[in-house]
Number of protein chains: 4
Amino acid sequence: MSAGDARSRKRAPGAAYDPRMAERPDPNDHPPRRSFIERARRAQIVEAATQVVAELGYAGTSLARIAEKAEISKSVITYHFENKDEILRLVVSQFFERGWERMSGHVEAESTASGQVRAWIGSQLEFYAEHRAEFLAMSQIMANHRTPEGSPAFAGELTEEVDALTEILQRGQRDGEFRDFDARGVATIILRCADGVLGSWAVDDSTRLVDQIPALLDFVDHAIRR
Amino acid sequence: MSAGDARSRKRAPGAAYDPRMAERPDPNDHPPRRSFIERARRAQIVEAATQVVAELGYAGTSLARIAEKAEISKSVITYHFENKDEILRLVVSQFFERGWERMSGHVEAESTASGQVRAWIGSQLEFYAEHRAEFLAMSQIMANHRTPEGSPAFAGELTEEVDALTEILQRGQRDGEFRDFDARGVATIILRCADGVLGSWAVDDSTRLVDQIPALLDFVDHAIRR
Amino acid sequence: MSAGDARSRKRAPGAAYDPRMAERPDPNDHPPRRSFIERARRAQIVEAATQVVAELGYAGTSLARIAEKAEISKSVITYHFENKDEILRLVVSQFFERGWERMSGHVEAESTASGQVRAWIGSQLEFYAEHRAEFLAMSQIMANHRTPEGSPAFAGELTEEVDALTEILQRGQRDGEFRDFDARGVATIILRCADGVLGSWAVDDSTRLVDQIPALLDFVDHAIRR
Amino acid sequence: MSAGDARSRKRAPGAAYDPRMAERPDPNDHPPRRSFIERARRAQIVEAATQVVAELGYAGTSLARIAEKAEISKSVITYHFENKDEILRLVVSQFFERGWERMSGHVEAESTASGQVRAWIGSQLEFYAEHRAEFLAMSQIMANHRTPEGSPAFAGELTEEVDALTEILQRGQRDGEFRDFDARGVATIILRCADGVLGSWAVDDSTRLVDQIPALLDFVDHAIRR
DNA sequence: AATGAATGAGGGTTCATTCAT
DNA sequence: TATGAATGAACCCTCATTCAT
């Protein structure tokens, strides 16, 4: 079966490994084979959606405005995507995936726990600073998108991230790098800290984010170091 | 246009002093004298709006749903308020004002700088923990509300807050309580940290917020102490 | 509470007693009090909907065309009715109710079973013949309307009708008016017979329906008489 | 436009002799020669359309859903058929043709008029009972399909059927089998009667149709017998 | 002080059909 | 022979706001 517009009906918003976005894995649900054109269009639309959300906010994002931004007709969007939900989820998952790839590389390159924590926070903030629009869009969507039933669509997506950082903190404690504290609680705090700083930058980019990174790294360092 | 009707057209969303919510001050724009009934209605509607935003999110909030929640006719809302914007701004400013009152009391009761920082964070989180719906509504509106032109309506509302905390940190440094750091940068970080923790609690209230407060206080303490 | 457009949200498409249309009774669900204007508008819209369905068929009926027929704006419709479904159900139930009133009067006026059968069929066909558009609309909607889940919305609405006619037939058998047959099966056949004749008239009104009534009465008479 | 493409543009929905479906005969419009593949594809699509109409109703039938049911691309449909109308007409005409073949065989095997009437009704109902989906689809389409101008597409398709049955009835009267009545009127009634019973079975198949056939035959027998 | 009525703009989505390959 | 891509029209419905009463 290969029914053009029917195709997107079958597929889950494909995402590679990703600690937050973990999709219920379905081995039978192989990703649809897409033509070059289709992949290009989908990328174009997701990109346009990202820009619109970043500029106009979640509530200001409509298919009409995405189409306008992409300079295509609204029908092109509904042809290539099942619905608006699919697009918004892709905006989040694709960007998150890219960020995670970058971060995990930097983290794994470090040997000490404190080095890994710094790499984690530093590379995360750097990455987001380099992709402000995508970050804004992701934030907006995660904060606002809901399931048809009304519950937040992206709740509880961050436990795996907390788990991973907790492990690093615990190793740091065993190795004597870090003082004694509740690793899980502090992992949450550190991640939320970074989010918070990003959030303030999100609403007001007058302070250049990259300039704040050293201060944050220093802050966290003092907070957890023995 | 009736007299009561005209009245709401003129007035600024009355708010006491408030470092974040500072309205463009207009000495000529004396607050409108409102009847008891009018004040009661406005309070009822703001309260209903708060609940709706907390439950359904910013994008899910409509005048119809606010009216339904308040068990009044939609027209009552448009009679007592100029437009939706006025209501949402009041949800934010009124709640922020109440929070600021609580916090400033606790902060001023402390003599040392570190005591004031702890009082600040602790009382802020406590207050929000006690008023989850209001906090959720405020967060949603601040993150989403836009001017008619499309720019965030609540950008740059936090500089005064940062200023106040910066002052405390600087005093702590002068008094030898805190180590050397960029006071303004760290003030921002601390405030964003608290916001971040609140944000994680907002999307997932399984972890009781009050239980996380000591950990956060401890975290900040170590981060800034000499 | 009395929120204008919210009002229709609460109410079931009101219908008096009616053997087919029997609504799940909810004693708490008192019918909404409607203003004169509202009742007039609703009647106007239901009437326009009836005409549109009769002329263009179920699939050709849209809110836009109903609005056009009623010479009002589309928004007026969505203001006075919850949705299209409510309108279509009213087209059916109101007309059926009126028909049932007429028929039951004629039936009860007869003393013999065979008189009642003739009164039933005759008055039913007469009534429909007098209200061709309403009958066509009712037929179209009953044949086509579905629940959101996809099952026919008006299935099983006719068992009570069959029950009532069955009773008459059985009495006729006890009284020696009718020959021996399966009363329930024949009741179904008679009712379907009348429906069938109506159906042929529905698609082709060249044959005047009232002229066919005596033939049908005669036909049924011979079929069931001793 | 390709050759194959052009082909379907020219052709009338081929149908053998059929008293109801009689197409405006055009001696010049010889049926298009179709390849084996084309014939197979067309049959497959008509079959899928039949199922979709039976399940989802006329208004719920779209080319997309037909394609989905047939597990082919939507374009395959528009390639092999000029438009949706052609498919729906074929669903009706092909099925009617098959039914007519079956019926006429049974009718011609009978010698008496009453035998022929019974054979007519009995074999018709039997045939439909054996092909419920096709019958439902045919009913839905005949009741709903319209010309582009909005008038019923299948109005007046039954006069030939009535003519044929009228002839049988008249012969029965001449032969003394049947009592005196208006043959044409009764022919219509009988046919509509059968349709009505089928219609009740269509919306509610809990009563097994074949079990009702004897009752209907008996009913008609008494109605017309001397 | 209150509200029922109305409305135009815009929301996301489905649809049959056209066209180039 | 087949189909992916595209599209404009139409669909029902929600919305904030205006107006007359």
Side-chain angles (χ1 to χ4, degrees), chain A residues 2-7 34-38 40-41 59 61-67 72-85 87, chain B residues 1-5 7 35 37-38 41 59-67 72-85 87, chain C residues 2-7 34-38 40-41 59 61-67 72-85 87, chain D residues 1-5 7 35 37-38 41 59-67 72-85 87:
Chain A
S2 60
D5 55 349
R7 201 181 290 172
R34 291 189 219 278
S35 72
F36 170 75
I37 288 186
E38 174 144 34
R41 271 282 193 236
T61 298
S62 68
L63 293 190
R65 277 203 260 255
I66 295 172
I72 57 180
S73 106
K74 209 170 58 167
S75 302
V76 178
I77 298 179
T78 60
Y79 173 70
H80 287 286
F81 292 90
E82 188 173 352
N83 51 27
K84 193 184 179 186
D85 174 86
I87 302 172
Chain B
M1 187 194 294
S2 76
D5 215 347
R7 201 178 295 168
S35 73
I37 287 189
E38 175 145 30
R41 273 286 196 225
T61 298
S62 69
L63 294 190
R65 279 204 259 253
I66 294 172
I72 57 178
S73 142
K74 212 171 50 174
S75 299
V76 178
I77 298 178
T78 58
Y79 173 69
H80 287 285
F81 293 91
E82 191 172 349
N83 52 26
K84 194 184 179 185
D85 173 86
I87 302 170
Chain C
S2 61
D5 55 349
R7 202 180 290 172
R34 291 190 220 278
S35 72
F36 170 75
I37 288 188
E38 174 143 33
R41 273 281 194 237
T61 298
S62 68
L63 294 190
R65 277 203 260 252
I66 295 172
I72 56 180
S73 109
K74 212 171 52 171
S75 302
V76 178
I77 298 179
T78 60
Y79 173 71
H80 288 285
F81 292 90
E82 190 173 351
N83 51 29
K84 194 185 179 184
D85 174 86
I87 302 172
Chain D
M1 189 195 294
S2 78
D5 215 347
R7 201 178 294 169
S35 73
I37 287 188
E38 176 145 28
R41 273 287 196 224
T61 298
S62 68
L63 294 189
R65 280 204 257 253
I66 295 172
I72 57 178
S73 142
K74 210 171 53 173
S75 299
V76 178
I77 297 178
T78 58
Y79 173 71
H80 286 286
F81 294 90
E82 190 172 350
N83 51 27
K84 194 184 179 185
D85 173 86
I87 302 170

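Small disclaimer: the values here were computed from a predicted structure and weren't measured. Protein chains get the first letters and strands the later ones, always in sequence-line order, with residue 1 at the start of each.
- Separating the CZ atom of C/Phe36 from the P atom of F/dA20 is a distance of 21 Å, rounded to the nearest angstrom.
- Between the P atom of E/dT3 and the CZ atom of C/Arg34 lies a distance of 19 Å, rounded to the nearest Å.
- Across all strands shown, E/dA1 has no partner, as no Watson-Crick or G-U wobble contact with both distances under 3.5 Å is found.
- With a cut-off of 3.5 Å on both Watson-Crick or G-U wobble distances, the partner of E/dT18 is given as F/dA5.
- In this model, the phosphate group of F/dA10 is not approached by any side-chain N or O of C/Ser62 to a distance below 4.0 Å at OP1 or OP2.
- Distances shorter than 4.0 Å separate some side-chain N or O of A/Ser35 from OP1 or OP2 on F/dA5.
- In this structure, A/Ser75 does not reach the F/dA6 phosphate: none of its side-chain N or O atoms is under 4.0 Å from OP1 or OP2.
- For the pair D/Ile72 CD1 and F/dT3 C1', the computed distance is 11 Å after rounding to whole Å.
- Remark: P of E/dG10 and NZ of A/Lys74 are 11 Å apart, rounded to the nearest angstrom.
- The line from CZ of C/Arg34 to NE2 of C/His80 is 10.0 Å long, rounded to the nearest 0.5 Å.
- Of the candidates E/dA6, E/dA1, E/dG11, E/dA6 carries the atom nearest the C/Val76 side chain, counting heavy atoms from C-beta on.
- Of the two residues contacting DNA chain F, namely B/Arg65 and A/Ser73, the nearest-nucleotide position lying further toward the 5' end is that of A/Ser73.
- Atom pair B/Leu63:CG and F/dT18:P shows a separation of 11 Å (rounding to whole Å applied).
- Of all nucleotides listed (F/dA2, F/dA5, E/dG4), E/dG4 comes nearest to the side chain of C/Tyr79.
- What separates CZ of C/Phe81 from P of F/dC12 is a distance of 15 Å, to the nearest Å.
- Between the P atom of E/dT18 and the CD1 atom of D/Ile77 lies a distance of 15 Å, rounded to the nearest Å.
- Each of A/Ile37 and B/Ala59 has a nearest nucleotide on DNA chain F; the 5'-most of these lies closest to A/Ile37.
- Closest to the side chain of C/Lys84, out of F/dC13, F/dT1, F/dT7, is F/dC13.
- Across all strands shown, F/dC12 pairs with E/dG11; the Watson-Crick or G-U wobble distances both stay below 3.5 Å.
- Look at CD1 on B/Ile66: it is 11 Å from P on F/dC15, rounded to the nearest Å.
- Closest to the side chain of B/Asn83, out of F/dA2, E/dA2, F/dT17, is F/dT17.
- In this structure, the separation between OH on D/Tyr79 and CD1 on D/Ile72 is 13.0 Å, given to the nearest 0.5 Å.
- B/Arg41 places no side-chain N or O within 3.5 Å of a backbone atom of B/Val76 that could act as its donor or acceptor partner.
- Between A/His80 and F/dA5 there is no side-chain N or O to OP1 or OP2 distance below 4.0 Å.
- The 5' end of DNA chain E is approached more closely, in terms of each residue's nearest nucleotide, by C/Arg41 than by the other of D/Thr61 and C/Arg41.
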